[in-house]
Amino acid sequence: LGILSDTHNELERTKLAVEVLRAAGVEALIHCGDLASPPILAACAVLPCHFVFGNHDSDSVPHLRQAALELGATCLNWGGIVEHGGKRIGVTHGHMTTDLRKVLAGKPDYVLSGHSHLAIDHVVAGVRRINPGALFRADRYSVAVLDLATDELEFLDMGPGSVEET
């Protein structure tokens, strides 16, 4: 499972990240929000793709929903749970605790989120929480690969970033 977040309309960087994830053998993608435009979703929808809205997607919600319909991507709105590989995977951007609470109420095996632009892997109250990092405004850009069969997580370094991006 490929995980990415906080692409913030960085189309070429997103396309590269998706190719790196495909080369790593992922079968599906989850985008944890802050896509910012339908072309980002199109870049991700080359594989089965689930996504949530982030705080920078507010103005793009109708456009992203329409793009999801056209591209066959699954919109989980502001948060939701998807089943993949026999696991329940909660997804939320992470900027609203109400969305996180709703996801946690679904008793997921994992919670995937973004927002902080920091690659994180830790367990809270028995639930593994993963943030893949970001492809915008980060010291280093990163995405992640989660093997649901083995529970192994690998962060893939996408190169030096910039916290000064506008």
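One-based numbering along the sequence shown.
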Closer than 3.5 angstrom, by distance alone: can the side chain of [X] be matched with the main-chain N or O of [Y] as a donor-acceptor pair?
X	Y	value
H93	H95	no
S142	P132	yes
D157	G159	yes
D57	A36	yes
T92	W78	yes

Where do [X] and [Y] come nearest, in terms of heavy atoms and distance?
X	Y	result
C75	R65	SG-CG, 4.3 Å
A24	L156	CB-CD1, 4.3 Å
L41	A68	CD2-N, 3.6 Å
H117	D6	NE2-OD1, 3.2 Å
T14	I40	OG1-CD1, 3.5 Å
P108	G90	CB-N, 3.6 Å

Subject >> Nearest-0.5 Å distance, NZ of residue K15 to SG of residue C44 >> reply: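 It comes to 11.5 Å.
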
Checklist entry - Measuring from S37:OG to D59:CG, what's the distance to the nearest 0.5 Å? => result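 Separation between the atoms: 12.5 Å.
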
Examine [X] and [Y] and state if one hydrophobic cluster contains both, with Ile, Leu, Val, Met, Phe, Trp and Tyr joined whenever side-chain heavy atoms are less than 4.5 Å apart.
X	Y	value
L11	L16	no
V52	L21	no
F136	I120	no
V103	V127	yes
Y110	L153	yes

Just to verify, which of L35, L112, I30, V143 counts as forming a side chain to side chain contact (heavy atoms under 4.5 Å, CB included) with L4?
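Looking at L35, L112, I30, V143, the match for L4 under the side chain to side chain contact (heavy atoms under 4.5 Å, CB included) is V143.
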
Result of checking I130, V82, I89 against L1 for side chain to side chain contact (heavy atoms under 4.5 Å, CB included) |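 Testing L1 for a side chain to side chain contact (heavy atoms under 4.5 Å, CB included) against I130, V82, I89 leaves exactly one candidate, I89.
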
Does any part of the side chain of [Y], heavy atoms only, come nearer than 4.5 Å to the side chain of [X], both counted from C-beta?
X	Y	result
V20	R22	no
I3	C32	yes
T7	N9	no

ask   = If you measure from the Lys or Arg side-chain nitrogens to the Asp or Glu carboxylate oxygens, is any gap between D109 and R128 under 4.0 Å?
value =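 Salt bridge: no.
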
(request) Report the C-alpha separation of N131 and R129 in whole Å, then their side-chain angles, then the decisive distance to 0.1 Å, and conclude whether the side-chain contact (heavy atoms from CB on, under 4.5 Å) test is met. (result) CA-CA 7 Å; N131 183 326; R129 297 189 188 189; over 6 Å; no

>> I'd like to know whether L146 forms a side-chain contact (heavy atoms from CB on, under 4.5 Å) with L148, so could you lay out the CA-CA distance, the side-chain angles of the two residues, the decisive distance to 0.1 Å, and finally the verdict.
In response: CA-CA 6 Å; L146 176 61; L148 296 169; 3.5 Å; yes

Criterion side-chain contact (heavy atoms from CB on, under 4.5 Å) on F51 and L64, from CA distance to verdict: CA-CA 10 Å; F51 71 99; L64 289 168; 4.2 Å; yes

Counterpart residues, side-chain hydrogen bond (donor to acceptor under 3.5 Å, both in side chains), relative to Y141 (two or more places apart)
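Y141: side-chain hydrogen bond (donor to acceptor under 3.5 Å, both in side chains) contacts with R13, E165.
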
Quiz item: For the residue pair H50 and H31, is the inter-centroid distance of their aromatic rings smaller than 6.0 Å?
Solution: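 Judged by ring-centre distance (under 6.0 Å), H50 and H31 do not meet the cut-off.
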
If we count only N and O atoms by modelled type, under 3.5 Å, do the side chains of H115 and N55 hold a donor and an acceptor together?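 Yes.
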
**Prompt:** Could you walk me through whether F53 and N77 pass the side-chain contact (heavy atoms from CB on, under 4.5 Å) check?
**Reply:** CA-CA 6 Å; F53 302 126; N77 295 304; 3.6 Å; yes

